[in-house]
Amino acid sequence: MGNTDATRVYDRVLLKISGEALMGDQGYGLHPPTVSRIANEVKSVHDLGVEICMVIGGGNIFRGLQGSAQGMERTTADYMGMLATVMNALAMQSALEALDIHTRVISAITMNEVAEPYIRRRAVRHLEKGRVCIFAAGTGNPYFTTDTAATLRANEMACQAIFKGTKVDGVYDSDPVENPDAARYDRVTYDEVLQKHLNVMDASAIALARDNRLPIIVFSLDEPGGFRGILAGEGTFTIVSDDPG
Ligand code: UDP
């Protein structure tokens, strides 16, 4: 793909969003205008010529832990959670294609009628051709999360960073929604995240990122133009890496 922006730092990135980011103010499920808004954020980065992978959670529909807390068998509940991520991936595919962006939904659980199976080399080829690859069904294994799936796929696809879009503009030392004095980190190390139990991603995802020196950039997806700005190093965000700054 041509480099359309001389100031561009990243060639290939992975955007991770939670399922809840797609539900708007509804409290459950999918809110199509919100999905479209995020698709537009993705488009603004795609327009720069950046190759984009996406992983979307499933928490707006079903989480395995919640199901198992209510008496459901854990692995079955986790498979249901993985299926929820496929629905979200299809919603994002539809919103991106409405903006004329070519996409592929690539599922870790084979379901050939709705999504491609995950074949690493094929996914890399899609990226090279400018298609947004939406990785669905997590890692395909119970007891994992989509944060771990995002870290795994970002490593496999040789992404330069994971961009984790959240409701807040970075990593805080306590929950900024509940504590007005919460302080945001500009930079934080993987080990600090693990030791202080900071709310970034679960421990397996952080360890996998640390072992492969994959930076995680946490930013707010609620900020219009946020994703493109953050890619250019503008705005507020937190970088998780092994560099204490
Ligand atoms: N899940 C799983 N294995 C994976 C990824 C996800 O079992 O590799 C299940 C798990 O039950 C999880 C659910 O899918 O609760 C939805 O994913 P997640 O909780 O990561 O979604 P998010 O919180 O990002 O919306």
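Quantities reported herein were computed from a predicted structural model and do not represent experimental measurements. In listed order, ligands and their atoms are each counted from 1.
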Taking only heavy atoms of Asn141, which atoms of ligand 1 are found under 4.0 Å from at least one of them? 2 (C), 3 (N), 4 (C), 7 (O), 8 (O)
Is Thr146 reaching over with its side chain to a backbone N or O of Ala149, donor-acceptor style, under 3.5 angstrom? no
Donor-acceptor contact present, side-chain Thr238 to main-chain Tyr185, <3.5 Å: yes
Can you name the nearest heavy-atom pair linking Ser107 to Ala137, along with the distance? OG-CB, 3.5 Å
Going by the atom numbers of ligand 1, which of them fall below 4.0 Å from some non-hydrogen atom of Gly58? 16 (C), 17 (O), 21 (O), 22 (P), 25 (O)
I'd like to check the ring-ring contact (aromatic ring centres under 6.0 Å, His included) partners of Tyr190; sequence neighbours left out, ordered by chain and number. none
As an exercise, identify every atom of ligand 1 less than 4.0 angstrom from a heavy atom of Gly57. 21 (O), 22 (P), 24 (O), 25 (O)
Within a distance under 4.0 Å of any heavy atom of Gly59, pick out the atoms of ligand 1 and give their elements. 21 (O), 22 (P), 25 (O)
Given Thr146, Ile56, Asp202, which has its nearest heavy atom closest to atom 18 (P) of ligand 1? Thr146
Specify the protein heavy atom at minimum distance from atom 13 (C) of ligand 1: its residue, its atom name, and the distance to 0.1 Å. Gly81 CA, 3.6 Å
Do Asp78 side-chain atoms and Asn141 backbone N/O form a donor-acceptor pair below 3.5 Å? no
Mark yes or no for whether Glu73, through its side chain, and Ser68, through its backbone, hold a donor-acceptor pair below 3.5 Å. no
Donor-acceptor pair, Arg228 side chain versus Ser44 backbone, under 3.5 Å? yes
Measuring from atom 10 (C) of ligand 1, which candidate in Leu65, Leu22, Asp78 has the nearest non-hydrogen atom? Asp78
Does Glu192 come within less than 4.0 Å of Arg187, counting only side-chain N to carboxylate O? no
Kindly confirm or rule out an N or O of Ala149 lying under 3.5 angstrom from an N or O of ligand 1. no
Indicate, as side chain, backbone, both or neither, the part of Ser18 found under 4.0 angstrom from ligand 1 when only non-hydrogen atoms are considered. both
Of all protein heavy atoms, the one nearest atom 12 (C) of ligand 1 is Gly64 N, 4.0 Å
Are Glu116 and Arg104 within salt-bridge range, i.e. N to O under 4.0 Å? yes
Where does Lys16 meet ligand 1, judged by heavy-atom distances below 4.0 Å: at the side chain, the backbone, both, or neither? side chain
I need the atoms of ligand 1 closer than 4.0 Å to a non-hydrogen atom of Arg63, numbered in the order shown. 15 (O), 19 (O), 22 (P), 23 (O), 25 (O)
Which ligand 1 atoms does Thr139 reach within 4.0 Å, using its non-hydrogen atoms? 4 (C), 8 (O)
Acceptor/donor pairs from residues 158-171 side chains to any protein atom, 3.5 angstrom cut, sequence neighbours excluded:
from   : atom 1 : to     : atom 2 : distance (Å)
Gln160 : OE1    : Asp11  : N      : 2.7
Gln160 : OE1    : Arg12  : N      : 3.0
Lys164 : NZ     : Asp147 : OD1    : 3.3
Lys164 : NZ     : Asp147 : OD2    : 3.4
Lys164 : NZ     : Val200 : O      : 3.2
Thr166 : OG1    : Val168 : N      : 3.1
Thr166 : OG1    : Val168 : O      : 2.6
Thr166 : OG1    : Phe219 : O      : 3.4
Asp169 : OD1    : Tyr172 : OH     : 2.6
Asp169 : OD2    : Thr236 : OG1    : 3.1

CZ of Arg74: more than 12 outside heavy atoms within 6.0 angstrom? yes
Against heavy atoms of Gly138, which atoms of ligand 1 measure under 4.0 Å? 4 (C), 5 (C), 8 (O)
The atoms of ligand 1 lying under 4.0 Å from a heavy atom of Pro142, numbered in the order shown, are 7 (O)
Identify the protein heavy atom lying closest to atom 5 (C) of ligand 1, giving its residue, its atom name and the separation to 0.1 Å. Thr145 C, 3.4 Å
If you measure from atom 2 (C) of ligand 1 to every heavy atom of Tyr143, Phe144, Tyr79, which option wins on shortest distance? Phe144
